[in-house]
2 protein chains.
Amino acid sequence: MLKKDGVTIYRIAKEANVSPATVSRVLTGSANVREPAKSRVLALINKYNFKPNVMAQSLYLKQSKMLGIILPDIDHPFYSMIVKELERQALEKGYTCLLCNSMQNFSIEQAYLDNLISRQVDGIVFLGGRINQTHPTEELRAGMIDALKHVPIVFVNGKMEGVDAHTIRTDEASGVRRLLELLAHHGHREIGLLGGEVGVSSTDEKVSVFLETMKEKGLIFKEDWIHSSGYSIEAGEKDATHLIHLDDRPTAVLCMNDFVAIGAIKRFRKFGLKVPGDISVTGFDDTYLAEHFPPGVTSVNHNYQKLAKKTIETLVGLIAHEEQQKEAIIPTYVTVRNSCEEWQH
Amino acid sequence: MLKKDGVTIYRIAKEANVSPATVSRVLTGSANVREPAKSRVLALINKYNFKPNVMAQSLYLKQSKMLGIILPDIDHPFYSMIVKELERQALEKGYTCLLCNSMQNFSIEQAYLDNLISRQVDGIVFLGGRINQTHPTEELRAGMIDALKHVPIVFVNGKMEGVDAHTIRTDEASGVRRLLELLAHHGHREIGLLGGEVGVSSTDEKVSVFLETMKEKGLIFKEDWIHSSGYSIEAGEKDATHLIHLDDRPTAVLCMNDFVAIGAIKRFRKFGLKVPGDISVTGFDDTYLAEHFPPGVTSVNHNYQKLAKKTIETLVGLIAHEEQQKEAIIPTYVTVRNSCEEWQH
DNA sequence: CTGTTAGCGCCTTCAA
DNA sequence: TTGAAGGCGCTAACAG
């Protein structure tokens, strides 16, 4: 049941009248090879377009130079942007990436985790999914703990209680605070919060920072002004709908991400509310959508490049058995656009 | 320089008092194993959370169950949407995907191609990049021809003269025709064409079908109405700018993709033109942007799911040495939204 | 049904 | 500087 033949170092060795070891040496440069032979080998490598079998190399060397990336949905600009940077950084360090979309499905996520380990990836970057659950099931936690015994894993913007993993996170809390400061500075005192999902930690954390900061600043907040039906544009539309007919509508809303902000803006405008005239809106993630969707959405940028760089550095450090700091916080910044303005009614 | 230990079938075998072959048998189910032993093995596998080394398996079996995907930029919704479907289809057939973003750089693209082959992927899906060049360099062509000697490759929406690869393409030509029919039906007779890049086949083909169909239908077209500065939102803005101050502005424009359409709409509106009132706009790719960007962009859908399914089926068929049709055309359809309307000035 | 053996393709001691 | 030999972890004959 063996399949295609393929040129090997043995074939090259034979034709070049040297030993396989010698071919290996010119291939890896691990030792000098004298000139008449060296050229013959090189010529044959070129002739056959010989590409060494990395699986065989990896088997011996016990390192695959592959990194796994597990995330919920590459379709979301936040993930596609971060993936691109992660891949770029990995490439620079000689790693190839295995991308795994769990499609929001925990069993696929687990299957991928096992698969990556079986495939001998040297490390894994984990985004979203179970590490974003405020209360993950015991099974999910156990799966992660097991995985960590096999391979270094770095969490991006997530955590799991009782799981001792290295984490890189963007400072979402300060992002929320900055947005509120901005709005307060514009004279807004009544502010709502839209999108996200209860039980997902990035939502839960934002909510708690939001409430805390509102209180701190003496701003006004009502239960009616918070709705969390998801992370999609549709969720933004739905959540915004609740506010439209309220007598005591907030004058501004914080949205969990740019998708939600866009949905909210669409819905507000559909019902005749001006954004930002009648209601100011902020996004989160600062994806290209925030830039281009009218009127331009003020949003919090994750510093994608720094985030990815730190993540890969940490992971590669762990692979090399170097001590790494347990948690790194990447500062965020607000990109101001036209979806917020002075409140002057 | 050997690294982490790791449990192997030998370890399991020893502790279970059986031979490694027996462990392998319970692992793969390739033969029956009697009960007392079988349970002991299973228990140990469970105890150690043993995961077989796929590289070793692959080395012997000469199949990695990995597919490579090479594309220019995962950030573009067209690519992220198609990748998601490709991955889903691959997963269903037991394959894991290696994603490679060439970042529009031909040498990275080539490096990835070599890398994938070295890593023994069983097949490659190739999108964009060199297979979209109307006149690729000899080097790029040679690189592809060499790669094809090593592994099956399926092109998606591309081709290379002199390179005998299997191709799956969406019927972009009929997409363009349908859009023009739609516009003509709405009474538009003067139509422009924005975005894309000369020398890139998907642009070149659309241009040629456009010109042909315009002529066929007796519609009016001027050199001034065609601009091709790229595939981005910015390109759309730039290209649209050229039309704004024209006395004989077209009443509708076809845009190369949704990004360009969005850029064009932004720009038109910025200069006080109503879309679709003063000028109708169409997109291409039918990404989620087309749905959500006001006023909703009429666009051509690639039938992503079918496209991905056919692609993976063909690739997997080739891997199994089954005959496959050389070229498959996936029908497109137009999703009508509000960016086009009756011309009535 | 089970153990022994050989080998997938490569790399690296160890001697020469 | 070079070759011979062994082994990375696994699977599939081949005997028993």
Side-chain angles (χ1 to χ4, degrees), chain A residues 1-42 44-45 48 50-66 117-122 150-151, chain B residues 1-42 44-45 48-66 117-122 150:
Chain A
M1 100 136 276
L2 302 182
K3 285 168 58 181
K4 63 181 169 192
D5 50 334
V7 177
T8 70
I9 55 170
Y10 286 93
R11 169 91 171 271
I12 306 266
K14 199 171 201 174
E15 294 196 26
N17 261 323
V18 294
S19 76
T22 299
V23 178
S24 174
R25 286 181 187 113
V26 338
L27 227 44
T28 63
S30 62
N32 284 330
V33 174
R34 279 228 184 73
E35 215 2 290
K38 187 169 183 178
S39 292
R40 268 177 296 154
V41 170
L42 252 12
L44 285 165
I45 287 176
Y48 291 120
F50 170 70
K51 312 219 189 344
N53 183 327
V54 172
M55 307 210 112
Q57 289 181 161
S58 300
L59 186 58
Y60 182 86
L61 298 174
K62 289 179 181 299
Q63 57 158 9
S64 64
K65 284 287 178 180
M66 288 197 298
I117 293 169
S118 261
R119 288 192 180 281
Q120 312 297 116
V121 296
D122 295 332
H150 292 275
V151 65
Chain B
M1 100 133 278
L2 302 181
K3 284 167 60 182
K4 64 181 168 191
D5 49 333
V7 177
T8 70
I9 55 168
Y10 285 93
R11 169 91 171 270
I12 306 266
K14 200 172 200 177
E15 295 195 27
N17 262 323
V18 294
S19 75
T22 299
V23 178
S24 174
R25 286 183 186 111
V26 339
L27 227 45
T28 62
S30 61
N32 284 332
V33 175
R34 276 227 186 76
E35 214 4 288
K38 188 169 182 179
S39 291
R40 268 178 295 153
V41 171
L42 250 13
L44 286 165
I45 287 177
Y48 291 121
N49 276 303
F50 171 69
K51 313 223 188 341
N53 184 328
V54 173
M55 306 211 114
Q57 290 180 161
S58 301
L59 186 57
Y60 182 87
L61 297 174
K62 288 178 183 300
Q63 57 159 5
S64 64
K65 284 288 180 179
M66 288 197 297
I117 293 169
S118 261
R119 288 191 180 281
Q120 313 296 117
V121 295
D122 295 332
H150 293 275

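Naming: A, B, ... by sequence-line order, numbering from 1 per chain.
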Return the CD to CG distance between B:Q120 and B:L61, rounded to the nearest 0.5 Å.
12.5 Å
Under 4.0 Å, counting only non-hydrogen atoms across every strand here, what does A:S58 touch: a base, just sugar-phosphate, or nothing?
nothing
Can you tell me if the side-chain N/O atoms of B:N32 get under 4.0 Å from OP1 or OP2 in C:dC1?
yes
If I take atom CG in residue A:L61 and atom C1' in nucleotide D:dG6, what distance separates them, rounded to the nearest angstrom?
15 Å
On DNA chain C, compare the nucleotides closest to B:R34 and B:A56; which residue's is nearer the 5' end?
B:R34
Roughly how far, to the nearest 0.5 Å, is the CD1 atom of B:I117 from the CG atom of A:N53?
12.5 Å
Is there any protein nitrogen or oxygen under 3.5 Å from a nitrogen or oxygen in nucleotides 3-6 of chain C, and what are the pairs?
residue : atom : partner : partner atom : Å
C:dG3   : OP2  : B:S19   : N            : 3.1
C:dG3   : OP2  : B:S19   : OG           : 3.2
C:dG3   : OP2  : B:T22   : OG1          : 2.6
C:dG3   : N7   : B:R25   : NH1          : 3.3
C:dG3   : O6   : B:R25   : NH2          : 2.5

Separation between CZ of A:F50 and OG of B:S118, rounded to the nearest 0.5 Å
8.0 Å
Could you check whether any side-chain heavy atom of A:Q57 comes within less than 4.5 Å of a side-chain heavy atom of A:K65, counting everything from C-beta outward?
no
Side-chain N,O (B:K62) to OP1/OP2 (C:dG9) below 4.0 Å:
yes
What's B:V54 touching, base or sugar-phosphate or nothing? Going by heavy atoms closer than 4.0 Å.
nothing
So, OP1 or OP2 of C:dC11: does either fall under 4.0 Å of a side-chain N or O from A:S24?
yes
Quick note, A:L59 side chain, CB onward, closest among C:dT2, D:dC10, D:dC8 is D:dC8
CZ on B:R25 to CD1 on B:I9, rounded to 0.5 Å:
10.5 Å
How is A:V23 classified with respect to the nucleic acid when contacts are heavy atoms under 4.0 Å: base, sugar-phosphate, or nothing?
nothing
